[in-house]
Amino acid sequence: MTRTRIFKLGLLTSSVCGATYWYYQPVVRPDPNYVPPLFIWNSIPKPVLSHFEASQNSVLWQLGTKMVVGVAGLLAKGFINASDTHVIGLDKFLNIINDPTRTRGVITVSNHKSVLDDPFLWGVLPLKNFWDVDRMRWVMGAADICYTTVLKSYFFACGKTIPAIRGAGIYQPGVDLAIKRLNEGGWIHMYPEAKVVQENKMIRFKWGVGRMMMETEESSPAIVIPVWHEGMEKAKPLYETKLVHLGQRITVVFGDPIAYSDIVADWKLGKLSREETRIRITQRIYDALEKLELEYSCNTKN
């Protein structure tokens, strides 16, 4: 047996053993009361922070973003095509996102059913959207997961992930950055539950989205669109398996923009405090997603 064959056999054996160990390694359920240590914003590499602060980035950053977002889009499209996917309201959403005359920022909010929700659910978009990275979404992602190493920091920054520090409240650099992107006409996607919830009932939403909606420029308030989905919890359960299940029924519903100018108007007239305004705005978003769930969920129809 030649050295080449021995090397190939060793590589194959190592791969099989590694995959077997990974698959059968017990999944440890996290303590529901565990609170991660507060992430330090300045621990993010300085070039990444400079990238966040810049309105225009270098050719290398643009190339990296196109590669990460584009490849993620291809994987997402493959997943959606391999699933039993039902999409409602996509055309009206694309009309807003792709409108060349749009100057207002866009906030999409959705329930969080799986660790694969982003980017896989965006596979419902046309492929051309993934290569037009300036029009693609920024997403709020947990800093203590996405930005713990240099390699992960560059990868998720190229994937347009804004670090959200869990436990730091609504006044933090990540929320400031999201507001800046909105005022530049960008698109921010959020999971206001702030964690994966695979039960049927959504949990209380965090108030960060309320602050964003309050603090975008008065002349150009953000367009807020609810995006409800169902089925990702079957495609990738949190604990039962490490594999992705293809062929599952996935439903994605793009709702109509949420009206909230009346709440902001009451706040500016002094009828509501800042906290009351955030609570009412966040509750209106919750109600909009819950309404889509009641209308389109297979669980409520059965």
Side-chain angles (χ1 to χ4, degrees), residues 69-100 102 105-141 159-161 186-193 196-202 205 209 222-237 244-259 285-302:
V69 174
V71 171
L74 291 173
L75 292 173
K77 182 62 72 174
F79 169 79
I80 288 297
N81 288 341
S83 302
D84 179 19
T85 308
H86 302 260
V87 186
I88 299 160
L90 178 60
D91 288 342
K92 61 185 178 183
F93 175 71
L94 290 176
N95 288 339
I96 295 172
I97 291 296
N98 296 333
D99 182 0
R102 176 176 60 81
V106 174
I107 302 175
T108 47
V109 288
S110 70
N111 52 324
H112 203 359
K113 285 290 190 180
S114 165
V115 295
L116 299 181
D117 289 350
D118 195 291
F120 278 15
L121 281 177
W122 299 121
V124 301
L125 301 178
L127 272 178
K128 64 180 182 180
N129 280 63
F130 291 99
W131 302 110
D132 187 4
V133 293
D134 290 336
R135 292 189 180 275
M136 275 302 294
R137 62 80 189 117
W138 288 86
V139 63
M140 304 295 291
K160 303 188 70 172
T161 301
W187 166 20
I188 302 292
H189 183 66
M190 293 191 67
Y191 298 98
E193 292 171 288
V196 174
V197 179
Q198 296 197 332
E199 292 76 22
N200 289 332
K201 181 69 174 176
M202 294 184 294
F205 286 180
V209 64
I223 303 168
V224 183
I225 302 171
V227 183
W228 177 83
H229 62 91
E230 181 179 66
M232 290 297 291
E233 69 279 9
K234 297 177 181 176
K236 182 61 179 76
V244 178
H245 297 164
L246 301 178
Q248 301 297 316
R249 180 184 174 93
I250 307 292
T251 302
V252 185
V253 184
F254 294 87
D256 294 322
I258 300 171
I285 294 171
Y286 187 100
D287 293 342
L289 279 168
E290 191 172 51
K291 181 179 178 182
L292 294 178
E293 178 181 14
L294 291 173
E295 185 173 355
Y296 293 102
S297 176
C298 293
N299 294 326
T300 58
K301 291 178 180 179
N302 293 336

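- Put simply, the side chain of Glu290 does not reach to within 4.5 Å of the side chain of Pro226, judged on heavy atoms.
- Between Asp84 and His86 there is a side-chain heavy-atom pair separated by less than 4.5 Å.
- Partner of Trp228 under the side-chain contact (heavy atoms from CB on, under 4.5 Å) criterion, out of Thr251, Val252, Leu294: Thr251 alone.
- Taken from CD1 in Ile97 to CD1 in Ile225, the straight-line distance is 5.5 Å, to the nearest 0.5 Å.
- Ring geometry for Trp187 versus Trp122: interplanar angle over 60°, hence perpendicular rather than tilted (30 to 60°).
- Annotation: side chain of Phe93 is in contact with side chain of Leu125 (closest heavy-atom distance under 4.5 Å).
- Nearest heavy-atom pair, Arg137 versus Asp118, reported as atom, atom and distance to 0.1 Å: NH2-OD1, 2.8 Å.
- For the atom pair NZ (Lys236) and CG (Leu116), the distance works out to 6.5 Å, reported to the nearest 0.5 Å.
- Considering CD1 of Ile223 and CG of Asp256, their distance stands at 12.5 Å, rounded to 0.5 Å.
- A 6.0 Å sphere centred on NZ of Lys92 holds more than 12 heavy atoms belonging to other residues, nucleotides or ligands.
- When all heavy atoms of Ser114 and Gln198 are compared, the pair lying nearest together is CA-NE2, 4.2 Å.
- Distance CG/Leu292 to CD/Glu295: 7.0 Å, rounded to 0.5 Å.
- The shortest distance between side-chain heavy atoms of Lys160 and His189 does not fall below 4.5 Å.
- Side chain of Arg102 to backbone of Ile96: a donor-acceptor contact under 3.5 angstrom is found.
- To the nearest 0.5 Å, atoms CG (Leu94) and CZ (Phe254) are separated by 7.0 Å.
- Side chain of Lys113 to backbone of Glu199: a donor-acceptor contact under 3.5 angstrom is found.
- Within the 4.5 Å cutoff, no side-chain heavy atoms of Phe120 are placed close to those of Ile250.
- Taking all atoms of both residues into account, the shortest heavy-atom contact from Met202 to Asn111 is SD-CB, 3.9 Å.
- Nearest heavy atom pair, residue Thr85 against residue Val124, reads CG2-CG1, 4.2 Å.
- The two residues Asn129 and Met136 have their closest heavy-atom pair at O-CG, 3.1 Å.
- Between His112 and Tyr191, the ring planes lie parallel to each other; the angle is under 30°, not in the 30° to 60° tilted range.
- Counting heavy atoms from C-beta on, the side chains of Phe205 and Met190 never come closer than 4.5 Å.
- Using a 4.5 Å heavy-atom cutoff, the side chains of Ser110 and Asp117 are not in contact.
- The nearest pair of heavy atoms linking Glu293 to Asn200 is OE2-O, 3.0 Å.
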